[in-house]
There are 2 protein chains.
Amino acid sequence: MTYSISEVAKKLNLTVYTLRYYDKEGLMPFVERTPNGTRLFKESDIDALNVIECLKSTGMPIKEIKKFIDWCSDGDSTLQKRYDMFLERKAVAEAQLEELKKTMELINHKCEYYKTAVDAGTEDIHKTNKIGNF
Amino acid sequence: MTYSISEVAKKLNLTVYTLRYYDKEGLMPFVERTPNGTRLFKESDIDALNVIECLKSTGMPIKEIKKFIDWCSDGDSTLQKRYDMFLERKAVAEAQLEELKKTMELINHKCEYYKTAVDAGTEDIHKTNKIGNF
DNA sequence: TGTTGACCTAGAGTTAACTATAGGGTTTAT
DNA sequence: ATAAACCCTATAGTTAACTCTAGGTCAACA
């Protein structure tokens, strides 16, 4: 079973422009073509694109992701590099989690703050009571 | 107690360029100046900047953040809007958390995959055993 | 057979968020 | 009193990641 570029775009919630851009940047050297040049995506290509999206979501720039893809093409000699890279990504993701927790705390606090203020019809309720303005 | 722009930059881990850029974009209408134009940051300004950083970390663009700041200046008539905005941000942050969990799962899986492969000296150990290549 | 709708490339354009430069003022330490 | 170390504005430049356009190929359907 293979997929066209627009099918893959739909599946991964990307545009065909974005997929072609990724290909141009060297992120998809594994995707095969029909004799006339049309891309044919295999199941494993979609798995690889999921990994790419995963790396991107940790804030990894496309040029770094390309390095990883190149290492994959280079075979077993790059295994350690690839392992180290994922360990680093794990650390980044964990830091993001910590950051996100703090963000959620502040947002929850703000939700409380504004709920009280909306109910009171004025923000003064906080100013007079010193529950923290910002 | 007040702070200079470079002190605030250090505190918030931003550059002075970034702070001046935020000011230019209307994110800091509350910051006062000395007679000759130098910005003087109060404690409450730093609190506000923390909120701005919090919103930014949920992916909110600066123009949207400016809207919120404007609402703050507009007073009690915008309380509901501000409340709704934080509820929406809360939903976004929760979605980000879900996304991040999935990301971490994939990364952990990959860490396992590469640990095994590095130990074996080859990636073939997975190809033959079908533990999932990507 | 001809037109619709996919696909393709090359390359230009866009956008957000900085980041830096030029040119100038003020305060502080020697 | 002069140089270092801040501060300022206005404006230009950068970068990443798309996003789009122009111009063209190809397969299927009416």
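Chain letters run A, B, ... following the sequence lines, proteins first, then strands; residues in each count from 1.
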Contact under 4.0 Å: [X] side-chain N or O vs [N] OP1/OP2:
| X | N | answer |
| --- | --- | --- |
| K66(B) | dA16(C) | no |
| K56(B) | dA16(C) | no |
| Y22(A) | dA17(D) | no |
| R39(A) | dC8(C) | yes |
| R33(A) | dT9(C) | yes |

Of the nucleotides [options], which has the atom closest to the [X] side chain?
| X | options | result |
| --- | --- | --- |
| P61(B) | dC7(D), dA17(C), dA6(C) | dA17(C) |
| R20(A) | dC8(C), dG11(C), dC18(D) | dC8(C) |
| S4(A) | dA17(D), dC7(C), dC7(D) | dC7(C) |
| I62(B) | dC7(C), dC18(D), dA17(C) | dA17(C) |
| I5(A) | dC8(C), dC7(D), dT19(C) | dC8(C) |
| S6(A) | dT19(D), dT11(D), dA6(C) | dA6(C) |

Write down the distance between [atom1] ([X]) and [atom2] ([N]), rounded to a whole number of angstrom.
| X | N | atom1 | atom2 | result |
| --- | --- | --- | --- | --- |
| L55(A) | dA17(D) | CG | P | 13 Å |
| Y3(B) | dC6(D) | OH | C1' | 19 Å |
| Y21(A) | dT14(C) | OH | P | 17 Å |
| Y17(A) | dC8(C) | OH | C1' | 13 Å |
| L19(A) | dA6(C) | CG | P | 16 Å |
| E25(A) | dA10(C) | CD | C1' | 14 Å |
| K24(A) | dA10(C) | NZ | P | 8 Å |
| E53(B) | dA17(C) | CD | P | 12 Å |

Show the numbers, then the answer: is there a salt bridge (charged side-chain N to carboxylate O under 4.0 Å, His left out) between D45(B) and K42(B)? CA-CA 5 Å; D45(B) 298 342; K42(B) 302 179 291 298; 3.3 Å; yes

Nearest heavy atom decides the nucleotide; on that basis, is N36(B) or G37(A) closer to the 5' end of DNA chain C?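 Taking each residue's closest nucleotide, the earlier one in sequence belongs to G37(A).
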
Is K110(A) positioned over the aromatic face of Y113(A), cation under 6.0 angstrom from the ring centre and no more than 45 degrees off axis?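 Yes, K110(A) lies over the aromatic ring of Y113(A).
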
When only distance counts, do a donor and an acceptor, one from the side chain of K63(B) and one from the base of dT15(C), lie under 3.5 Å apart?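 Counting by modelled atom types and ignoring angles, no donor-acceptor contact under 3.5 Å is found here.
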
Looking at K81(A) and D74(A), does any basic side-chain N land under 4.0 Å from a carboxylate oxygen?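 Salt bridge: no.
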
Give a yes or no on whether F86(B) and M104(A) share a hydrophobic cluster (residues Ile, Leu, Val, Met, Phe, Trp, Tyr; joining criterion: side-chain heavy atoms under 4.5 Å apart).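 As far as the 4.5 Å side-chain criterion goes, M104(A) and F86(B) are not connected within one cluster.
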
Over all heavy atoms of both residues, which pair between G26(B) and I69(B) is shortest? Give the atoms and the distance, please.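 For G26(B) versus I69(B), the nearest heavy atoms are O-CG2, 3.8 Å.
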
If you measure only the distance, is there a donor-acceptor pair under 3.5 Å linking the side chains of E112(B) and N108(B)?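 Their side chains do not contain a donor-acceptor pair, so the 3.5 Å distance test is not met.
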
